[in-house]
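Contents: one structure, followed by commentary.
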Amino acid sequence: MTEKEHLSIDHLVNRYVAKLGKYNAGLSIEGLKARFQVDRVAKLGSNENPFPTSSSVMKALSRAGDLSHYPDANCSLLRKKIADKLTVAEESLVFGNGSEDLISIISRALINEGDKVMTIVPSFGLHILYPTACGAKMVIAPMTAQLEFDIERITSLLRSEKPKLFFIASPSNPVGCSLSQDDVNDILANVSEQTLLVFDEAYYEYAQGELDYPDVLALLKASGKPFVLLRTLSKAYSLAGLRIGYGVFYPVALAEYMNKVRTPFNVNRQAQVAAIAALDDDNHLEKTIHWNHIARKKMQQDLKRLGVSPYESKGNFLFFSTSWLATDLADKLLKFGVIVKPWMEPGYEYFVRVSIGKAEDNQLFITSLASLLGRTALSHVNQ
Ligand SMILES: *Cc1c(COP(=O)(O)O)cnc(C)c1O
């Protein structure tokens, strides 16, 4: 079928969706190999775990059996496991096809056209994209010039704007900084009950062992304020390909509305089986966290040697700027077989996020970057 060029579809599209930018989901390994004939690819653009899915999870998957029936729409076994682990009520949990799914579900269930939704910039793109698609008016709390959370600004905007939702990722994606216990308490003290706090803790497992990283869930529970806490098995548990995340919702009545909006079987059978096995595998988690700690430190030092100063990060990634436009730098790195994430939010066009990978991949990234920045790097060092 040939498409008629003049066939207009503009009138069909939701007016908020029509204005959305395109989400940059990054290149796949296969896509890059096909484009540049490179034989090694360092995929450092999506904060995936460099360790493969653990063997205990793969074993559980191989035993999971037949797929002809729909999965358990209630994720009952996984629900019990996580409720016990976090000491929360089973009914407070909602599961998603990745935690991204939950950001979409929350937006669709709660946002009316014109509602204010607050978030941070720079930030995880979907914290803006999904609310915007639902007709939200975004209220932005920029980070400080040093790329730290601007708590004064956040609390004053919470008081003056009284947004319906406040999405915040801590540790921050892309920067890697996190809220301290005082910061969380400051936010809680300044938020009115008209606002639902949504804490996205996608990098919780990486951060939880670090100095000064607070028990956000405990603080939220103690506050008695309405909240959502999002977690995922995509990152530290090496399950990005299966798509599973969850949210703790308080009060529980919120969770019931989410269940009305989500597709009934949004978490597939394999994902439920894998998540249960993954949560039991402490070894894999410890190995992951330990490696991330060492490799992140090394990459930080290597970048500094190139005259590039990454921000302190509690996640499995580093954020930095160079004198190159990020999209140009990322494009040039592709030819070396290296995928990174160029930031594109206004004001951050010179910033890049790189994930902490395997030793060889990190090395390929550093040597490629060194050869691209070559002279620039030296002139910085000599200053
Ligand atoms: C990676 C990431 C997610 C998405 O996780 P999925 O569970 O894979 O959908 C959510 N929030 C933030 C901040 C992330 O960095």
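Note that this is a predicted model, so its numbers are computed, not measured. Atoms within a ligand are numbered from 1 in the order they appear, just like the ligands themselves. Just the heavy atoms: all of them, side chains too, but no hydrogens, waters or symmetry mates, feed the values below.
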Parallel, tilted or perpendicular: rings of Y70 and F265 (30°, 60°):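 F265 vs Y70 ring planes: parallel.
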Between OG on residue S28 and CZ on residue R35, distance to nearest 0.5 Å: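 With rounding to 0.5 Å, OG (S28) is 11.0 Å from CZ (R35).
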[X]: numbered ligand 1 atoms lying under 4.0 Å from its heavy atoms:
{"X": "S99", "answer": "3 (C), 4 (C), 5 (O), 6 (P), 7 (O), 9 (O), 10 (C)"}
{"X": "N173", "answer": "13 (C), 14 (C), 15 (O)"}
{"X": "S234", "answer": "6 (P), 7 (O), 8 (O)"}
{"X": "T232", "answer": "5 (O), 6 (P), 7 (O), 8 (O)"}

Member of S238, S56, S55 meeting the side-chain hydrogen bond (donor to acceptor under 3.5 Å, both in side chains) criterion with H284: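 Single side-chain hydrogen bond (donor to acceptor under 3.5 Å, both in side chains) partner of H284 among S238, S56, S55: S238.
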Backbone or side-chain N or O of Y203 under 3.5 Å from ligand 1 N or O: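 Yes, at least one N or O pair falls under 3.5 Å.
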Test of proximity, K235 against ligand 1: N or O pairs below 3.5 Å: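 Yes; at least one N/O pair falls below 3.5 Å.
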Quick one: does [X] get within less than 4.0 Å of ligand 1, heavy atoms only?
{"X": "D200", "result": "yes"}
{"X": "H127", "result": "no"}
{"X": "G98", "result": "yes"}

S76 versus N74, side-chain donor and acceptor atoms under 3.5 Å: yes
Residue pair R243 / N97, side-chain donor-acceptor N/O under 3.5 Å: no
Test: K314 cationic atom under 6.0 Å from Y213 six-membered ring centre, within 45° of axis: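 No, K314 does not sit over the ring of Y213.
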Sidechain-backbone polar pair: S313 side chain, L318 backbone, donor-acceptor under 3.5 Å: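 Between the backbone of L318 and the side chain of S313 there is no qualifying donor-acceptor contact (under 3.5 Å).
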